[in-house]
Chemist: 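One structure, pasted below without further comment.
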There are 2 protein chains.
Amino acid sequence: MSRTLAKPAYSNEEKQLATFAKAMGHPVRIQILKLLNDQACCYTGDLTESIPLAQSTISQHLKVLKEAGLIQGEILPPKVKYCLNQDNWQVARRLFTGLFGVAFIEGASQTCNSDG
Amino acid sequence: MSRTLAKPAYSNEEKQLATFAKAMGHPVRIQILKLLNDQACCYTGDLTESIPLAQSTISQHLKVLKEAGLIQGEILPPKVKYCLNQDNWQVARRLFTGLFGVAFIEGASQTCNSDG
DNA sequence: TTTATTTATCGCCAATTTACGATAAACTCG
DNA sequence: CGAGTTTATCGTAAATTGGCGATAAATAAA
């Protein structure tokens, strides 16, 4: 008997975390996020100069990050300036550090003993 | 003139972070990781009972997490017990908290002013 | 209005992902 | 050996992703 009838129900946290993680699941996008985290904001053009990918490809990656809520674009004709979405960036920080148990990893001795 | 000749070169950190993030980019896999982080270890069978997805699908997700190095499986016939890969879990924790700037976010007033 | 600049979107294609059922593999027990 | 249990793998199909060039859209400047 298969148990595939009910659609899996995920908590909002799980969904949000997965959305953030998925958006971060490409080295170029990590690179972009690091850049925005380090040096405030930047233009699409700056990225196309420093990253050897087609302009359209970089635009796509920016779209992915924007749709995940991690960055936001301020339109400053004829350019567009991208920055981290600070609110969501903090949400992401909280969710990830929560998952990894940052700040209360001390007595966390988790062994994999065979007690089953 | 297109600048698409050189293949993009990513740092090991960026690649590793993206690999971890990608593996975490699905709510079921977040769920599994949370479970393993909370209650030590568990068997594939436990997951198939609590998650309404086909057994083969869950096995696939476990494979993704294992290949990313986030979990490991101990074969305990006829079952297989999965745990977090603690070493890599700590690596992931370090990389993510590093990216989010955990512990030194105090004077980080990053505004998005138009100085360009 | 035309031209130049910058960015987003479209169409396309190859590769990957996600899900499933069916089946194989490994091991235990009778 | 044969049957039962548990998990992984295979085959398949639909959807998504990642890359590109070409083109559209928006705006400034001439």
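All heavy atoms count here, side chains included; hydrogens, waters and symmetry mates do not. Residue numbers begin at 1 in each chain, while the letters A, B, ... track the order of the sequences.
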Chemist: Considering only residues two or more places apart or on different chains, which pairs with a residue in residues 16-31 of chain B satisfy side chain to side chain donor-acceptor pair (under 3.5 Å)?
Modeler: A:Glu14-B:Gln31, B:Arg29-B:His61
Chemist: Not counting sequence neighbours, which residues clear side chain to side chain contact (heavy atoms under 4.5 Å, CB included) with B:Leu35? List them please.
Modeler: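 B:Leu35 satisfies side chain to side chain contact (heavy atoms under 4.5 Å, CB included) with B:Gln39, B:Cys42, B:Leu47 only.
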Chemist: Send over the distance from A:Tyr43 OH to C:dT6 P, rounded to a whole Å.
Modeler: 12 Å
Chemist: Are there any protein N/O atoms within less than 3.5 Å of an N/O atom in nucleotides 24-30 of chain C, and if so, which ones and at what distance?
Modeler:
none

Chemist: Could you walk me through whether B:Ile58 and B:Leu53 pass the side chain to side chain contact (heavy atoms under 4.5 Å, CB included) check?
Modeler: CA-CA 7 Å; B:Ile58 292 178; B:Leu53 288 175; 4.1 Å; yes
Chemist: To the nearest Å, give me how far apart CD (A:Glu49) and C1' (C:dT6) are.
Modeler: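 Those two atoms, CD and C1', are 12 Å apart.
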Chemist: Could you state the atom-to-atom distance from CD1 of B:Ile30 to P of C:dT18 in whole Å?
Modeler: 12 Å
Chemist: Provide, to the nearest angstrom, the distance between the NZ atom belonging to A:Lys81 and the C1' atom belonging to C:dT5.
Modeler: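 Nearest whole value for this atom pair: 18 Å.
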Chemist: So, do B:Asn37 and B:Trp89 sit near enough that their side-chain heavy atoms are less than 4.5 Å apart?
Modeler: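 Yes, their side chains come closer than 4.5 Å.
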Chemist: When the distance from CE of B:Met24 to C1' of C:dT18 is rounded to whole Å, what number comes out?
Modeler: 19 Å
Chemist: Taking C-beta and beyond as the side chain, do A:Val28 and B:Tyr10 meet within less than 4.5 Å on heavy atoms?
Modeler: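 SC-SC contact between A:Val28 and B:Tyr10 confirmed.
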Chemist: Tell me the interatomic distance from A:Leu53, atom CG, to C:dT7, atom P, rounded to whole angstroms.
Modeler: 16 Å
Chemist: Which parts of nucleotides 8-17 of chain D does protein reach within less than 4.0 Å, heavy atoms only, written one letter per nucleotide 5' to 3' as B for base, S for sugar-phosphate only and - for none?
Modeler: BB-------S
Chemist: For B:Ile51 and C:dC20, give me the distance from atom CD1 to atom P, rounded to whole Å.
Modeler: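 Atom-to-atom, B:Ile51 to C:dC20, this comes out as 12 Å.
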Chemist: Excluding sequence neighbours, so at least two apart, what forms side chain to side chain contact (heavy atoms under 4.5 Å, CB included) with B:Ala21?
Modeler: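 In terms of side chain to side chain contact (heavy atoms under 4.5 Å, CB included), with neighbours along the sequence ignored, B:Ala21 is linked to A:Met24, B:Phe96.
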Chemist: D:dT7 C1' sits how many Å from B:Ile32 CD1, rounded?
Modeler: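 Going from B:Ile32 (CD1) to D:dT7 (C1'), I get 14 Å.
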Chemist: Is B:Val64 linked to A:Leu17 within one hydrophobic cluster, defined over Ile, Leu, Val, Met, Phe, Trp and Tyr using a side-chain heavy-atom separation of less than 4.5 Å?
Modeler: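 No, no single cluster joins them.
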Chemist: Check this one for me: any side-chain N or O of A:His61 less than 4.0 Å away from OP1 or OP2 of D:dG19?
Modeler: yes
Chemist: With heavy-atom distances below 4.5 Å as the criterion, would you say the side chains of A:Lys79 and A:Thr44 are in contact?
Modeler: no
Chemist: Please name all residues satisfying side chain to side chain contact (heavy atoms under 4.5 Å, CB included) with A:Glu67, sequence neighbours left out, ordered by chain then number.
Modeler: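 By the side chain to side chain contact (heavy atoms under 4.5 Å, CB included) rule, A:Glu67 matches A:Lys63.
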